[in-house]
Structure formats: C-alpha cells, structure tokens
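One structure is given below, encoded as structure tokens.
Excluded from the calculations below are hydrogen atoms, water molecules and symmetry mates; all remaining heavy atoms, backbone and side chain alike, are included. Just so we're clear, the structure is a prediction, and the values are computed from it rather than from any experiment.
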Amino acid sequence: NDPELVEKLISMLGWDPQSPVPINDHGDTVPIVEALTSHFEFTKLTLPLLKNADIYFDNEELSERIQDESWAREYVINRDFIDLITDFPTIELQPENMYQILRKLPPREYSISSSFMATPDEVHITVGTVRYQAHGRERKGVCSVHFAERIKPGDIVPIYLKKNPNFKFPMKQDIPVIMIGPGTGIAPFRAYLHVYKRQGIYEEEIEEWLENGNLTRVDLAFSRDQEHKEYVQHRIMEESKRFNEWIEQGAAIYICGDEKCMAKDVHQAIKDVLVKERHISQEEAELLLRQMKQQQRYQRDVY
C-alpha cells in the first residue's frame, strides 16, 4: 500500500505506528505501519468490511445506514477505509481489531508477456497503471502504481506462479491463430510472437511482425480516444465473414483480458458471427464453441 495513505490512516486513528498488532487468529504480530503496508487491504471497501466495521466502530449513523442494502452496495463503489472513517468517525476502534475488519492484501495477477525461449533469464509483465478521481480524491491502483512509481531496479517484490492449463498455443505452425487481447491482454500474445522474433517492444514489434509475415493481420479498436467507443467485439462483427473462414480453416482462438465485460462480450460476438455466417441458432453456436474448447481451439486467459 502507498506509504502516504498508510501514514494518513494511522494519523486519522491516532495510533502509534510502531505499536504491535495481530495480523491473524494465530497471534502473529507486526508493527501497525507494517500491517497496513504489507498485510491488509484498505483501499477497497466491500460489503463484508462494512458489516465488520459496524461491529467495532460503535457509530450509530453507520449502524442505521448499513441496514439499507442498496445504500451499502452504492457506498462501497470507489471508496476506501479512509473514506469510511471520514464519513463515520470512530473512537472505539482498537488496533487489535484491524485484522477482524480488513481482509488480507490480495495478490494481483498479471499474464507473463515474455517468452522463455527469447529471454530465458527474464520474466516480463505488462501493467496498465490505474489512476482515477472518485469522491473528491485521487485514487491509485495498489500494485500497478507500486510498480510504476515506487519500486526501483534492485528492489524485490514477492511473486508466485499460477498455471493456466487451458491456455496453450498450438505447436504446429500451420494452424491459424486468432489473438484477441484488449489493453494489457496483449501480454501472452507478445510472449507467443517472441518465439519467432526476439527484439523490440509493442508498437514497433507489431509493425515489424506484420512486415515480416509473423503476423498476418492486426485489427485495432480504440475505446478511449474518441467520442464513439469502439471495442474488439465490434471488429469481430465487422470481419465476420473472414473470422468464420479462419475458424473453418481450423483456426485456434485465444482471448486475454478483462473477464467481467470484455470476455463475455467477445464470446457473444463470436457466437453472433457463427449464427450470421453459418445460419445456425445461438444454441448451436454455443455448442460449437464448447466443442472448440474441448479441442483446445478456444482458450481464454481472463482476470
């Protein structure tokens, strides 16, 4: 967590930063400043957090408002624990209760965007830095801004590896590959293409891949640069005939990126292509995609 936010939260609560606090039910303790920096998530409100806070805050207004579930669902959007303390002050909250209110700082997952064959001694990730304004304050993504602003060469961050057995590229080079990756979803495709070309990054890489034939085609959709929003699913529908032809030729489809909106909308767009070009029903299109999944021709890496 951002040291400035940690300092602000401790100051608002009037606590000693070096006072030890438990971080779990086993009685493990660390200084408050360390607990709020490395152990607890306080930059995102959740409904369970509100309910836990109500137990320890002893704030009558919060106890009354939280009974309205629609209010609670609306209140937690783009707010953090500092907002909660500002709006519903507490003098009853004790440092030893923090672990009973705040959840553990969850890991952030990023797709690897480099190939072991190209850079065996390095692992690259593609990070989109999150910054936005909400409720009168500037908000920052915990991990993305930590990477972008605070860590320096030589610093160490804890990592872990998570396999995705359902996202493997074909070994045969004669199989067409359709890669759908909005924003940071480009990560695994960059790694895949690095198998064939091992230098440069991003725009320059893609242009070179097109020129030398590693990539056959690139379709871009820009959702932020103009008033009329364009998304990858729009490009899929615009090229429905070609898209379907590639599938008929045995193409494998790969999708990487946001699960909540993008992956769902792209899935529907692909079904719409099959319905339009093959004159089948939505149910038949869904069945066809399930069959492609079983054949490992339709794979996703979504988060």
- Stepwise, does the side chain to side chain donor-acceptor pair (under 3.5 Å) test hold for R300 with N166? CA-CA 7 Å; R300 310 197 310 172; N166 297 315; over 6 Å; no

- Task: Could you please spell out the steps behind the salt bridge (charged side-chain N to carboxylate O under 4.0 Å, His left out) verdict for E149 and K140?
- Result: CA-CA 11 Å; E149 296 182 356; K140 298 179 179 180; 3.5 Å; yes

- Could you walk me through whether E277 and R242 pass the salt bridge (charged side-chain N to carboxylate O under 4.0 Å, His left out) check? CA-CA 10 Å; E277 300 299 333; R242 185 189 300 268; over 6 Å; no

- Query: Can E239 and R235 be said to form a salt bridge (charged side-chain N to carboxylate O under 4.0 Å, His left out), step by step?
  - Reply: CA-CA 6 Å; E239 296 294 333; R235 290 288 178 264; over 6 Å; no

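Side chain of Y298 to backbone of Q291: no donor-acceptor contact under 3.5 angstrom is found. A donor-acceptor pair under 3.5 Å links the side-chain atoms of S144 to the main chain of V130, judged by distance alone. Of the possible polar contacts, one joining the N24 side chain to the G27 backbone as a donor-acceptor pair under 3.5 Å is found. Although no hydrogens or angles enter the test, the distance criterion places no donor-acceptor pair under 3.5 Å between the side chain of D265 and the main chain of M262.
With sequence neighbours excluded, the residues satisfying side chain to side chain contact (heavy atoms under 4.5 Å, CB included) with V275 are Q282, A285.
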Tabulate below the donor-acceptor pairs under 3.5 Å that side-chain atoms of residues 82-92 make, not counting sequence neighbours, or state none.
from : atom 1 : to   : atom 2 : distance (Å)
D83  : OD1    : R137 : NH1    : 2.9
D83  : OD1    : R139 : NH2    : 3.4
D83  : OD2    : D80  : N      : 2.9
D83  : OD2    : R137 : NH1    : 3.4
D83  : OD2    : R139 : NH1    : 2.6
D83  : OD2    : R139 : NH2    : 3.1
T86  : OG1    : I82  : O      : 2.8
D87  : OD2    : Y75  : OH     : 2.6
T90  : OG1    : F57  : O      : 2.9
T90  : OG1    : E92  : N      : 3.1
T90  : OG1    : L93  : N      : 3.2

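Looking at F42 and L5, their side chains come closer than 4.5 Å, going by heavy atoms from C-beta outward. For the pair W71/E64, no side-chain contact is recorded, criterion being any heavy-atom separation below 4.5 Å from C-beta on. Contact annotation: the side chain of V21 never approaches that of E96 to less than 4.5 Å [non-hydrogen atoms, C-beta and beyond]. Between Q18 and I32, the closest side-chain pair of non-hydrogen atoms is not below 4.5 Å. Residues W246 and I178 form a side-chain contact, since some pair of their non-hydrogen atoms from C-beta on lies under 4.5 Å apart. Considering only heavy atoms from C-beta on, R79 comes within 4.5 Å of H135 through its side chain. Two residues are said to be in side-chain contact when any heavy atoms from C-beta on lie closer than 4.5 Å; D2 and T43 fail this criterion. With contacts defined as side-chain heavy-atom distances shorter than 4.5 Å, the pair I10/L36 qualifies.
Taking a cutoff of 4.0 Å between a charged side-chain nitrogen and a carboxylate oxygen, K264 and E259 do not qualify as a salt bridge. With salt bridges taken as basic N to acidic carboxylate O contacts below 4.0 Å, none links R131 and E138. Look at R73 and E69 and you find a salt bridge, because one of the NZ, NE, NH1 or NH2 atoms lies within 4.0 Å of a carboxylate O, short of that distance.
Annotation: salt bridge (Lys or Arg N to Asp or Glu O under 4.0 Å) contacts involving residues 34-50, sequence neighbours excluded, comprise E41-R103, E41-R108.
Under the 3.5 Å distance criterion, with hydrogens and angles disregarded, a donor-acceptor pair is assigned to the side chains of N97 and Q100. At a cut-off of 3.5 Å, with distance as the only test, no side-chain donor of E60 or S63 sits close to an acceptor on the other residue. Side-chain contact check for H267 and E286: at least one donor-acceptor pair (N or O, by modelled atom type) lies under 3.5 Å.
In the hydrophobic clustering of this structure, V127 does not group with V123; members are Ile, Leu, Val, Met, Phe, Trp, Tyr whose side-chain heavy atoms approach within less than 4.5 Å, directly or through other members. The hydrophobic clustering, which links ILVMFWY residues whose side-chain heavy atoms are closer than 4.5 Å, places Y56 and L45 together. Hydrophobic clustering of Ile, Leu, Val, Met, Phe, Trp and Tyr side chains at less than 4.5 Å, counting indirect connections, keeps M179 apart from M237. Cluster membership check: V177 does not share its hydrophobic cluster with I253, using side-chain heavy-atom separations under 4.5 Å among Ile, Leu, Val, Met, Phe, Trp and Tyr.
Between F40 and Y99, the ring center distance fails the sub-6.0 Å criterion.
Ring geometry for Y192 versus F169: interplanar angle under 30°, hence parallel rather than tilted (30 to 60°).
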